[in-house]
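Below is one structure, written out as structure tokens, with a few remarks after it.
Below, chains carry the letters A, B, ... as their sequence lines are ordered, and counting in each starts from 1. Keep in mind that the numbers below use all heavy atoms, side chains included, and drop hydrogens, waters and symmetry copies.
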Amino acid sequence: MTDSPAADWLRRFTTTALDREPDLTALDQAAGDGDFGANIAGAARLIQSELDGLVAGTPAAEVIAAAAHVFLDRVGGTSGPLFGLLLQEFAAATVKAGDLTPAALTEGTTNGLAAIQRVGEAQVGDKTLVDALSPAADALKALPPSTPLTEAFAVAARAAEEGAEATAGIRARRGRASYVGDHAIGVTDPGAMTIGLLFAAGT
Amino acid sequence: MTDSPAADWLRRFTTTALDREPDLTALDQAAGDGDFGANIAGAARLIQSELDGLVAGTPAAEVIAAAAHVFLDRVGGTSGPLFGLLLQEFAAATVKAGDLTPAALTEGTTNGLAAIQRVGEAQVGDKTLVDALSPAADALKALPPSTPLTEAFAVAARAAEEGAEATAGIRARRGRASYVGDHAIGVTDPGAMTIGLLFAAGT
Amino acid sequence: MSRYFAESPDDLVDAGLAGFALAHADLVEFTPDPGHVTARSPDPRRVVGLVSGGGSGHEPLHAGFVGAGMLDAACPGRIFASPHNRQVYAASKAVAKPGGVLHVVKNYTGDKINFGIAAERLHHDGIRCARVLVDDDVATDSADIAVGRRGTGATVVVEKLLGAAADQGRDLDALVALGERVAAGSRSVAVAAAAHTSPATGTPAFDLPDDGIEYGVGIHGERSGAVRPHGPVDDLVRDMTGSLVTALTLTRGDRVIGLVNGLGRTTPLELYGLHHRFATALAEHGVALERHLVGSVVTALDMHGFSLSLTRTDDELTALWDAPAHTAAWPA
Amino acid sequence: MSRYFAESPDDLVDAGLAGFALAHADLVEFTPDPGHVTARSPDPRRVVGLVSGGGSGHEPLHAGFVGAGMLDAACPGRIFASPHNRQVYAASKAVAKPGGVLHVVKNYTGDKINFGIAAERLHHDGIRCARVLVDDDVATDSADIAVGRRGTGATVVVEKLLGAAADQGRDLDALVALGERVAAGSRSVAVAAAAHTSPATGTPAFDLPDDGIEYGVGIHGERSGAVRPHGPVDDLVRDMTGSLVTALTLTRGDRVIGLVNGLGRTTPLELYGLHHRFATALAEHGVALERHLVGSVVTALDMHGFSLSLTRTDDELTALWDAPAHTAAWPA
Ligand SMILES: Nc1ncnc2c1ncn2[C@@H]1O[C@H](COP(=O)(O)OP(=O)(O)O)[C@@H](O)[C@H]1O
Ligand SMILES: Nc1ncnc2c1ncn2[C@@H]1O[C@H](COP(=O)(O)OP(=O)(O)O)[C@@H](O)[C@H]1O
Ligand SMILES: [Mg+2]
Ligand SMILES: [Mg+2]
Ligand SMILES: [Mg+2]
Ligand SMILES: [Mg+2]
């Protein structure tokens, strides 16, 4: 078990994801197909065992890359590869910055959003995790360079949570929720909510 | 439509059977397989259309034989052929007596019971229609020869109904209800109850 | 509650049979009155016609097993009600061969009576007729039940082996002997986690506690009286397997054909998972699972449950199992 | 509520696949990690490997259609979750032939993404790879849905016709053209009278009024938003048929292959009855039902519902339909 800030962040995320699995399942059940909670929880367990296997002092980029690979190579669904693309961009930005800095967070979020939109073609307002990720990227880009990492995470989390909350009011145009029409109204998008959980885990 | 006593009797029986179909279904559901009500109701509808087709003045034996043939040749289940055997003996006894007399009723019931026991091997206490038919036969045999037909029917009905009621207290040794063990306790045997309905229709 | 996609219990049977006949017109012919299904292309070597039947609600049994290599005819009754004797009589007349007719009958009073009356009529017509009774269900092996064990899942095994033997031109006595041997060597046990939907009422035929399993249920949804909690599936399968092994007094090295049968709404994933556990449990007993079938072949409408069956086998029976059959539901 | 006979959603998939592999060891080989099933005896004339896959819970799709005459490999994901790209990549590598690999993909974002990443990796390895997208569900043909129509029941028709064509040695471009033509000529619509049981919670995935039918449901149990009363079944089938005829702009004399597909707990009697009604409704449109399949082949766990599918056919496609296939679930 490592104790680097990156590992702590991801471990906290996995704990929250497992705690919240029933809520995420219920949301995807109400306006989707019910597998989102299990998918994210499965990923969380795999990431925990990856983190357990890392030696102390593993560079932040490698820690994040390990989680990215879990999502990319071992988790299916729509959400698996999309979260993988996001974490992969976090890892790349962390390599570039030399550590998980606020700048790396901003760049990772921005590039992760771009990659997710290239692959999934969702726009803000389609009721997907893009509705949380996009405002988070905007909020991070607006921060002064000197912002401490935990505060940057907090700002991103707040923006993502607000974006996620807004998804409750709309029908979906993409993802499984797009098939259920008005049944999606009143239901927060679980993918967007999980983006909020990911950032909040860094605070 | 005929108006002979035999036809009236059988028509009243079909009306009651159709009225009571849900109860019979529920009893067979609670301690059997749930098809008894539909089976008897199906027979009742077929008998009604046979009765409708008979010319006025058709001899009682032929009327009863028509109903017997419906049961024997067009109704399955356990109950179909057993009711057919009973009615066939009623018809034979009616031929012998020249009409549906109290003596014919007694002989038909006695011989019907014997036929049903030859084929189905049930004894009193096995929780089958024999539990109603056997006391009915006994009660009929004990009647003075001068008893009017409707009273004979009434006596047989009372004995059959008492026999049927007694089936509620016991587990079954034959029929589908024998598979359900203690679930049969508290449930009146629907076949026995229907024997009561058959006699009661003659009163 | 979930209503069937049919107008009534009778429509469920009548439309279902009409559609079956339409879908499999190459394999079978359907006579609506008295209702029976006959095979279009039986093996020309057959000298005995094979007839079975019973209440509807167990599909694909029996009509799905009419065809070359299995049954010559099937008589479907109303839902859970034995066919009437005229159905059996007409079907038997239609497929009787020089060596007569063999009835494969599940051990239920109604089936025995109706097939029995038909047999009397056939004898009267000078047609040889014999019966093989299937009574495989260990849950009904009890002194309290005067009518003996119910006939359930193993019926399909009996029909397959008899069909292959009939194709070899075996005569009636030989087929009866074989059928009795197979039936005597077959046992089944069934459990349910939810009742079937009664077509008469549109509601579950019985209630179970949320976490309960009815152990020893019948294919008409007859309750067993024994409810156990929904514990580890491994334990459940091990207990069921043990009861079959005991009933057949199987010992190490004995050879069996195994059937994992869904009772209606049990999913293929569940059935295959149960098959895996069944194979493991049999291996623990040292019993050789030589052949197997996994699927919903003897059902109880939409019951959520399954049965496990074992049939003792040997080289002869295994060869009969492997013989080709071409019917609507036999996996070719 | 009725719990599955499995310890957990993951066990439902894992034990189910292990049992499937055990039951059909003659037909398929199963690699647990990354999970995929491959055919043991593909036709030697094939020059292109056929791969499909998707979330589990739709059995027998896709693993049940792996074998001679249909798929070379299938990648089963977790329940209702697309397989991950490494499963698709490994399966494709395992069955790639000189002419490359063809992916048959149901139109869902997750499937497209995961098959898409695998395709990138295959290209990187110098393996030709193309895709046929199945998007047959008319209920999702709406301007409000940016991702287009879902892929549902017609997938099995596409897999059958492509399999037969691959057996003739057709190359990748020819198969893509054929697959696109079949997919473009296929439409489906599904209804449910009761939701599937969620394996995560053990409760119905959605509630319907006692007398309600969800019209336009998805194979992951996605609700349609349109509930109608459980009226005459004839009317329901006529409306569903009409929507398919309209979507395919079929006119008198057009020829089709029809599929009546159970979504899980729908009984054979219901399905055959629906087939009878479907055939009648098609006849009213003057459309020739040239071939058909009736069964539960593309399911949604234990949902009580059914789908109807039509595929335009011609002499070429009908001949491909008639070609032999030997898989666990194709009716031989
Ligand atoms: N095109 C898309 N772009 C970005 N995110 C998407 C897209 N489609 C769906 N999602 C996200 O995926 C989540 C659902 O993931 P999951 O349950 O794994 O997939 P599926 O919908 O295939 O079952 C949704 O909550 C939504 O946030
Ligand atoms: N061996 C028997 N002798 C006489 N009557 C019997 C016997 N077995 C069952 N019955 C009667 O049959 C009735 C059930 O008939 P039915 O529902 O048609 O048959 P099944 O039990 O085959 O579903 C029972 O209520 C009982 O009265
Ligand atoms: Mg989902
Ligand atoms: Mg009954
Ligand atoms: Mg019955
Ligand atoms: Mg999904």
Side-chain angles (χ1 to χ4, degrees), chain A residues 21-22 24-26 28-43 45-46 69-85 115-116 118-123 125-128 170-185 187 191, chain D residues 8-10 33-35 53-57 75-89 108-114 116-117 137 139-140 142-150 195-196 198-201 203-206 216-226 300-301:
Chain A
E21 177 180 353
L24 298 172
T25 296
D28 197 35
Q29 192 70 269
D33 61 352
D35 62 336
F36 182 80
N39 210 38
I40 294 293
R45 276 185 289 267
L46 291 170
H69 280 122
V70 164
F71 271 115
L72 283 174
D73 260 8
R74 294 161 75 185
V75 185
T78 302
S79 49
L82 296 184
F83 276 87
L85 290 175
I116 285 171
R118 275 196 306 276
V119 169
E121 297 174 20
Q123 302 301 320
D126 284 353
K127 189 165 181 148
T128 72
I170 55 177
R171 295 165 121 242
R173 281 180 44 81
R174 292 192 177 269
R176 296 247 159 213
S178 66
Y179 304 135
V180 307
D182 286 343
H183 287 295
I185 291 179
V187 182
Chain D
S8 67
D10 282 345
D33 188 29
S56 289
C75 310
R78 304 279 96 196
I79 296 288
F80 289 173
S82 307
H84 56 72
N85 81 80
R86 214 165 43 94
Q87 292 177 263
V88 181
Y89 175 63
Y108 295 108
T109 303
D111 288 336
K112 283 174 70 178
I113 291 175
N114 288 292
I117 299 174
D137 178 30
T140 44
S142 150
D144 291 343
I145 301 172
V147 290
R149 292 185 302 265
R150 288 181 291 226
H196 68 272
S198 160
T201 64
T203 54
F206 58 83
V217 76
I219 56 172
H220 286 198
E222 312 98 304
R223 308 194 59 168
S224 63
L301 289 169

Checklist line | Any A/S178 side-chain heavy atom under 4.5 Å of D/V147 side chain | finding: yes
Portion of [X] that has a non-hydrogen atom of chain A nearer than 4.5 angstrom:
X: D/A200; answer: side chain
X: D/A143; answer: backbone
X: D/F80; answer: both
X: D/P9; answer: neither
X: D/T109; answer: both

Output the distance between atom [atom1] ([X]) and atom [atom2] ([Y]), rounded to the nearest 0.5 Å.
X: A/R173; Y: D/I145; atom1: CZ; atom2: CD1; result: 9.5 Å
X: D/I113; Y: A/E121; atom1: CD1; atom2: CD; result: 9.0 Å
X: D/I117; Y: A/L85; atom1: CD1; atom2: CG; result: 6.0 Å

Check: By a 4.5 Å heavy-atom criterion (distance strictly below it), what part of A/A172 contacts chain D: side chain, backbone, both, or neither?
Finding: backbone
Check: Does any heavy atom of chain D fall under 4.5 Å from the side chain of A/N39, the backbone, both, or neither of them?
Finding: side chain
Checklist line | Contacts of D/H84 that satisfy ring pair (Phe, Tyr, Trp, His ring centres under 6.0 Å) - sequence neighbours left out | finding: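 Listed in chain order: nothing, the list is empty.
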Next item on the list: Using modelled atom types only, decide if a donor and an acceptor are shared between the side chain of D/R86 and the backbone of A/D73 within a distance under 3.5 Å.
Entry: yes
With a 3.5 Å cut-off and sequence neighbours excluded, list the donor-acceptor pairs that the side chains of residues 29-37 of chain A form with protein atoms.
unit_1 : atom_1 : unit_2 : atom_2 : d
A/Q29  : NE2    : D/S198 : OG     : 3.3
A/D33  : OD2    : A/R176 : NE     : 3.2
A/D33  : OD2    : D/H220 : ND1    : 2.6

Next item on the list: Using a cut-off of under 4.5 Å on heavy-atom pairs, state which of A/D126, A/V75, A/L82 scores highest against chain D.
Entry: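 Result: the option with the highest number of such pairs is A/V75.
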Next item on the list: Determine the minimum heavy-atom distance between A/G77 and D/N114, stating which atoms define it.
Entry: O-ND2, 2.9 Å
Next item on the list: Pick whichever of D/A205, D/P83, D/G77 has the most heavy-atom pairs under 4.5 Å with chain A.
Entry: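 It is D/A205.
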